[in-house]
Amino acid sequence: MGIFEPYRALGYITAGVPFSAQRRGTETFVTVSVGKSWQIYNCAKLNLVLVGPQFPKKIRSLASAGDHTFAACGTDITVCVRAHQVATWSAHKDKVNLLFLFGDLILSTDIKGNLFIWNFKDTEKTLRPISHIVLEDQLSPTCIMHPDTYLNKIIIGSREGSFHLWNISTQKKLFDFKGWNSSIRCCVSSPALDVVAVGCSDGTVHVHNIRYDEEIVSFSHATHGAVTALSFRTDGIPLLASGESSGVIAIWNLEKKRLHSIIKDAHDGSILSLHFFANEPVLMSSADDNSIKMWIFDTSDGEARLLRFRSGHSSPPLCIRFYGNGRRVLSAGQDRAFRLFSVVQDQQSRELSQHHVTKRAKQLKVKEEEIKLKPVIGFDFAEIRERDWCNVVTCHMDTPRAYVWRVQNFALGEHILTPSAHTQTPVKACAISACGNFAFLGTEGGWIERFNLQSGISRSVYLDPSESRSTAHDSEVIGLACDATNSALISVGYHGDLKMWSLKKCDLKYRLDVGHSVVRIVYHRGNGLLATAAVDMVLRVFDVVNLRMVRKFEGHTDRITDLCFSEDGKWLLSSSMDGTLRVWDVILGRQIDAISVDISITTFSLSPSMDIMVTSHVDQNGIYVWVNQAIFSGSSTIGTYSRVKEVKLLNFPAADQSEDQESEQPRAGHVSHEETFDLSNLQVQIPNLVTLSLLPRSQWQSLTKLDIIKARNKPIEPPKKPEKAPFFLPSVPSLSGEIIFKNDGVAAADEEITQVADAHISSKLDFNLPSVFLKQLQSCAESGNHSAFTDYLRGLGPSDIDLELRMLQIIDDEEIQRPEERPELRAIELLLDYFTNEISRKNNFEFVQAIMRLFLKIHGETVRRHSALQSKAKQLLEVQTAVWQRMDSMFQNTRCLVTFLSNLQF
């Protein structure tokens with residue numbers, strides 16, 4: 001097993017397949033395709049309610065009825081009930097391109113003109129179609145429609161332009177309509193009987209009477225794009241909505257037979273589906289731009305306005321980075337959108353505003369995409385200043401200026417950072433200082449300038465006197481980084497010149513030649529390491545303090561696309577166009593894991609807690625989430641990861657996983673017993689340091705505060721005995737099974753419970769029948785395996801540990817003074833040995849300290865009164881003092897350093 005395993009995908013709203021809408025009670029649900037899976041949204045708030053399983057092939061068509069969802073994947077049709085796949089229909093030999101719900105039947109057609117009819121009421125038992133209809137030769141069906149009141153009849157439109165009426169019961173063609181000498185793309189039934197609407201590839205919409213085969217009216221789109229979707233309004237107003245391949249939605253008035261209104265730039269891609277809600281002035285649309293929108297007709301002029309929508313990137317992301325605590329991701333795409341995705345709650349994902357783009361586009365009569373900022377090629381942020389001012393700076397493709405954003409307001413900032421170079425060249429790199437006050441920009445011409453983020457004013461310019469052009473570099477600035485103390489600025493040029501500047505004085509302090517042209521850098525502020533990726537596909541790690549190369553990694557066979565350090569600085573991750581993502585251990589200086597995917601990774605980011613990683617891929621609009629199995633399984637050894645030369649091929653993560661999902665796949669982080677890591681090869685304890693138990697704080701802190709917890713939970717008044725038993729409870733069953741009648745029942749039951757509890761306590765005190773606690777303790781003393789006893793204690797709760805320790809209390813100490821005749825004293829002696837050994841090993845430090853404090857609180861007087869226990873206690877005191885003095889000295893050094901740094905003025 002490798003370090004990272006696929007988990008889920010973010011940002012996928014809908015793919016290039018028409019949706020399926022159905023009414024259930026008072027709510028409407030829509031089922032959409034997201035590649036190899038499907039999702040169901042509740043139209044009331046467009047929130048995700050259900051996600052289907054992952055299929056081996058992409059979905060080509062969808063249909064839904066009640067709890068059933070049907071998806072055509074290749075030549076098969078998968079049947080799902082809720083989120084579980086229950087059957088697969090495999091009668092087709094060619095790719096299925098259409099599914100149509102017809103009462104209790106499902107009609108399916110393939111690209112060769114074969115139509116199968118399925119009954120889904122008994123899906124698990126029926127795996128064969130109930131009938132098969134072979135359509136005419138050279139017929140490629142594109143749409144199926146059932147006219148209202150036409151029993152057992154359907155209309156089939158084709159790419160060849162033919163239009164037929166079929167009876168599926170008799171399997172015969174009843175009528176050939178005239179057609180319009182144009183390929184038919186869609187057809188839909190109207191609220192009026194015998195009337196249908198047909199959309200053609202030449203941009204015309206025909207309202208046709210199928211009873212008399214006469215055209216009522218026809219409309220033509222001005223752009224002459226193919227009509228891809230149609231829908232009639234059903235709340236009494238005669239309107240017809242038509243969508244075309246250019247993303248425009250036209251609304252036609254059927255009474256006046258003219259254009260009613262038009263929704264320009266409704267989508268950035270071809271319209272896939274349109275659906276008017278039953279008896280509501282609400283229209284839902286979807287397109288291949290990865291968005292679903294709802295439009296409401298409630299304005300005075302009868303035009304539509306946007307009610308609600310869900311959207312993701314319509315083009316692949318160019319740069320993604322974790323923001324904040326690792327639960328949000330900033331993403332910049334080729335669609336000129338800058339988005340913030342939530343890894344936890346998909347409803348919290350949104351696009352950052354670019355100041356009334358829609359309004360300005362309407363005023364200028366242009367598309368929104370034309371007035372949006374150009375695609376972001378790089379950005380940096382400072383979380384510390386999120387509440388103060390703009391804390392994100394972005395540089396854009398072929399743009400000689402940078403823009404600032406305020407994540408708190410989800411909007412573009414008011415300042416535009418424009419370098420003051422004599423020759424304006426595009427900004428290629430940006431960085432923000434550790435304090436969040438300054439932004440640094442590097443241009444294609446080698447210019448570096450510092451700006452104040454709060455005011456947007458230029459503060460200084462960094463120039464190298466040795467450069468002939470009076471710039472910082474003689475080539476494009478590839479990357480910028482600021483150290484943790486705001487004392488130095490690091491810059492790297494394309495020709496491989498690495499320079500360190502004084503941040504305040506702006507003079508050049510050091511220079512280092514990488515030796516090759518650099519295409520990507522990443523800097524870790526915690527350890528001062530800078531990693532570079534060069535055109536020779538070699539990773540080089542530099543210590544910028546000592547100005548020397550400390551590591552060199554080779555293994556990629558194609559251009560390196562992105563780099564990332566782990567939060568602790570121990571790992572360096574790199575992705576390449578060879579389709580691999582490799583994990584390098586900076587300390588050991590070798591590769592510890594490598595994964596390969598079918599589509600190359602373009603950019604990625606590792607969360608601060610190192611539990612999840614997000615990636616984006618070539619020609620993929622979504623963001624894929626991977627989980628760190630080492631974190632979830634609790635393994636701390638790298639010996640269990642892939643060998644140096646092994647590259648593991650992994651599948652892409654599935655679509656969004658909802659908390660309400662009834663998926664058959666295991667949850668992320670769940671590791672089966674067969675896949676668990678080997679914990680026997682734990683790393684050796686680092687000298688002069690202690691290792692914590694990593695248990696929840698409440699589990700070990702409660703041990704020291706049990707008295708306070710018990711006093712707080714103690715009832716104010718003792719329970720009162722009822723004066724008279726209720727008439728409907730004439731008897732009370734005892735624990736032994738006997739029936740105790742009437743008022744004596746409560747008292748007798750209490751007496752029996754007391755007897756059982758006394759028997760349990762007496763069995764605990766009887767050392768001839770030792771408890772599990774005593775067995776584990778004795779086994780620990782005999783074998784010397786203190787780790788096994790620690791693991792046993794870690795599995796107990798605070799109250800259980802308190803009970804086990806109190807069972808060793810000596811109550812009748814005056815009767816017997818010889819320790820060898822008191823098993824309790826022997827157990828206390830073994831516990832003292834255990835504490836001495838564990839503290840000297842410095843493992844599970846805080847957990848052992850908490851147990852030892854509770855132990856001394858209970859048995860401190862017993863230890864004081866017995867000389868054999870006193871010698872053990874003195875050994876424990878010496879070990880505890882030595883370990884704690886060392887730790888206290890380290891804490892004092894750290895406190896002094898933090899106090900010194902906090903008082904510095906920048």
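Thr602 and His617 form no side-chain donor-acceptor contact under 3.5 Å, judged by distance and modelled atom types alone. Side-chain contact annotation: Ser242 with Trp252, donor-acceptor N/O pair under 3.5 Å present. Tyr212 and Asp194 form no side-chain donor-acceptor contact under 3.5 Å, judged by distance and modelled atom types alone.
For Thr149, there are no side-chain hydrogen bond (donor to acceptor under 3.5 Å, both in side chains) partners two or more places apart in sequence or in a different chain. Annotation: side-chain contact (heavy atoms from CB on, under 4.5 Å) contacts of Glu351 (sequence neighbours excluded): Ala337, Arg339, Lys372. Asp148 is linked by a side-chain contact (heavy atoms from CB on, under 4.5 Å) to Ser189, Leu193, counting only residues two or more places apart in sequence or in another chain. Listed by chain and number, the residues in a side-chain contact (heavy atoms from CB on, under 4.5 Å) with Lys374 are Arg336, His396, Asp398, Thr399 (sequence neighbours excluded). Partners of Asp288 under the side-chain hydrogen bond (donor to acceptor under 3.5 Å, both in side chains) rule, at least two apart in sequence or in another chain, do not exist in this structure. In this view, Leu98 and Thr109, Pro141, Ile144 satisfy the side-chain contact (heavy atoms from CB on, under 4.5 Å) rule, not counting sequence neighbours. Every residue two or more places apart in sequence or in another chain was checked for a side-chain hydrogen bond (donor to acceptor under 3.5 Å, both in side chains) with Arg211, and none qualifies.
Residues Trp89 and Val79 form a side-chain contact, since some pair of their non-hydrogen atoms from C-beta on lies under 4.5 Å apart. Between Phe163 and Phe175 the shortest side-chain heavy-atom distance does not fall below 4.5 Å. With contacts defined as side-chain heavy-atom distances shorter than 4.5 Å, the pair His275/Leu283 does not qualify. Side-chain atoms of Asn42 and Val30, non-hydrogen and from C-beta on, never get closer than 4.5 Å to each other. For the pair Leu254/Leu239, no side-chain contact is recorded, criterion being any heavy-atom separation below 4.5 Å from C-beta on. Two residues are said to be in side-chain contact when any heavy atoms from C-beta on lie closer than 4.5 Å; Val32 and Ile292 meet this criterion.
The aromatic ring centroids of Tyr41 and Phe29 lie 6.0 Å or more from each other. Aromatic pair Trp626/Tyr7: ring centres not closer than 6.0 Å. Between His164 and Phe177, a ring centre-to-centre spacing not shorter than 6.0 Å is recorded. Ring pair His92/Phe116: centre-to-centre distance below 6.0 Å.
Residue pairs satisfying the salt bridge (charged side-chain N to carboxylate O under 4.0 Å, His left out) criterion with at least one member in residues 13-41, sequence neighbours excluded, are listed as follows: Arg23-Glu280, Arg24-Asp67. Among residues at least two apart or in separate chains, ring-ring contact (aromatic ring centres under 6.0 Å, His included) pairs with a member in residues 339-371 are His313-Phe341. Sorted by first and then second residue, the salt bridge (charged side-chain N to carboxylate O under 4.0 Å, His left out) pairs with a member in residues 219-244 read Arg233-Asp235; sequence neighbours excluded.
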Distance-only donor-acceptor pairs under 3.5 Å for side chains of residues 57-66, two or more places apart:
{"residue": "Arg60", "atom": "NE", "partner": "Val96", "partner atom": "O", "Å": "2.9"}
{"residue": "Ser61", "atom": "OG", "partner": "Leu99", "partner atom": "N", "Å": "3.1"}
{"residue": "Ser64", "atom": "OG", "partner": "Ser20", "partner atom": "OG", "Å": "2.8"}

Side-chain polar contacts of residues 197-208 - donor-acceptor pairs under 3.5 angstrom, sequence neighbours left out - could you list them?
{"residue": "Ser201", "atom": "OG", "partner": "Ser183", "partner atom": "O", "Å": "3.3"}
{"residue": "Asp202", "atom": "OD1", "partner": "Thr204", "partner atom": "N", "Å": "3.2"}
{"residue": "Asp202", "atom": "OD1", "partner": "Thr204", "partner atom": "OG1", "Å": "2.7"}
{"residue": "Thr204", "atom": "OG1", "partner": "His206", "partner atom": "NE2", "Å": "3.0"}
{"residue": "His206", "atom": "ND1", "partner": "Trp180", "partner atom": "NE1", "Å": "3.3"}
{"residue": "His206", "atom": "ND1", "partner": "Glu215", "partner atom": "OE1", "Å": "3.0"}
{"residue": "His208", "atom": "ND1", "partner": "Glu214", "partner atom": "O", "Å": "3.4"}
{"residue": "His208", "atom": "NE2", "partner": "Asp213", "partner atom": "OD1", "Å": "2.7"}

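No salt bridge links Lys95 with Asp110; every basic N to acidic carboxylate O contact stays at or beyond 4.0 Å.
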May I have the step-by-step check of ring-ring contact (aromatic ring centres under 6.0 Å, His included) for Phe276 and Phe297, ending in yes or no?
CA-CA 11 Å; Phe276 267 109; Phe297 294 80; 5.7 Å; yes
